[in-house]
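Computed from a predicted model, the values in this text were never measured in an experiment.
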Amino acid sequence: LLAIAYLATQVFSPSTAPSTAERGIDDSGLPYEVIRIAVPLPKVYGTNPNSAKIAIGLNAELMMGLSAYPWLTIISPVTGFDGIEPGEVDYVLDGEVFWGDEILETHIKLLTYPEQKLVWNEAQSIKLDASAVRDVVARAASSIAFDLASARGIAPELAKSKNAHVSPENLDAYICYLGVHRY
């Protein structure tokens, strides 16, 4: 049994596999460079008692929207910039959510890491309607993806979302969907 185990490790070891040059294949890797984005929890402001919960839900929706792109890797949750090791990520998506009595506002910035240079930025006042909230999050994810794709030379067909989901249509159902209300 020992001889068979030794023989198996020699035959199937990675060092005996032919290299791409030996196989005659031009394997320069994927047709794109995987971009790593850390998404810390957003800063929360506002008088609405559910501000923190909707901020976490919006953050999760944004991460889902970004993770639909095969060339983006989303790393979350992290606790601000302190929870990120240099070389672990390429960008940090920093956000703020304000939910007052009548208004929901978001501010999202994409920063290089560790330099923290601004790459993309968007501030939105959102109508208190689930479809308006969903549209803003979907547009933000698409905008970030397309800006990063064009800056990195990623083919337009790879800059298209592969997955889609639909959440409830009214704000109460949407907040419930995000886990704000307990059943």
In the single-linkage hydrophobic clustering (I, L, V, M, F, W, Y; side-chain heavy atoms under 4.5 Å), do [X] and [Y] co-cluster?
{"X": "W71", "Y": "L62", "answer": "yes"}
{"X": "Y69", "Y": "W120", "answer": "yes"}
{"X": "Y45", "Y": "I103", "answer": "yes"}
{"X": "M63", "Y": "V119", "answer": "yes"}

From [X] [atom1] over to [Y] [atom2], what is the distance, rounded to the nearest 0.5 angstrom?
{"X": "Y113", "Y": "E88", "atom1": "OH", "atom2": "CD", "result": "8.5 Å"}
{"X": "L72", "Y": "I144", "atom1": "CG", "atom2": "CD1", "result": "9.0 Å"}
{"X": "Q116", "Y": "K109", "atom1": "CD", "atom2": "NZ", "result": "9.0 Å"}
{"X": "D147", "Y": "N121", "atom1": "CG", "atom2": "CG", "result": "11.0 Å"}
{"X": "E115", "Y": "Y91", "atom1": "CD", "atom2": "OH", "result": "9.5 Å"}

Do [X] and [Y] have side chains that get closer than 4.5 Å, going by heavy atoms?
{"X": "I35", "Y": "R152", "result": "yes"}
{"X": "I56", "Y": "K53", "result": "no"}
{"X": "P42", "Y": "E96", "result": "no"}
{"X": "T106", "Y": "I126", "result": "yes"}
{"X": "V39", "Y": "N59", "result": "yes"}
{"X": "L110", "Y": "V92", "result": "no"}

Notebook entry, point to check: Hey, mind stepping through V133 and L104 against side-chain contact (heavy atoms from CB on, under 4.5 Å) and telling me if it holds?
Noted result: CA-CA 9 Å; V133 172; L104 178 62; 3.9 Å; yes
Notebook entry, point to check: Going by atom types only, do H107 and D94 share a side-chain donor-acceptor pair under 3.5 Å?
Noted result: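 Short answer, no.
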Do the side chain of [X] and the main chain of [Y] share a donor and acceptor less than 3.5 angstrom apart?
{"X": "D90", "Y": "R36", "value": "yes"}
{"X": "S143", "Y": "R139", "value": "no"}
{"X": "S67", "Y": "I74", "value": "no"}

Item checked: Residue of the set L58, V44, T47, N48 for which side-chain contact (heavy atoms from CB on, under 4.5 Å) holds with W99 ->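 Exactly one pass, corresponding to N48.
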Check: Taking all atoms of both residues into account, what is the closest heavy-atom pair of V89 and A38, and its distance?
Finding: CG1-CB, 3.8 Å
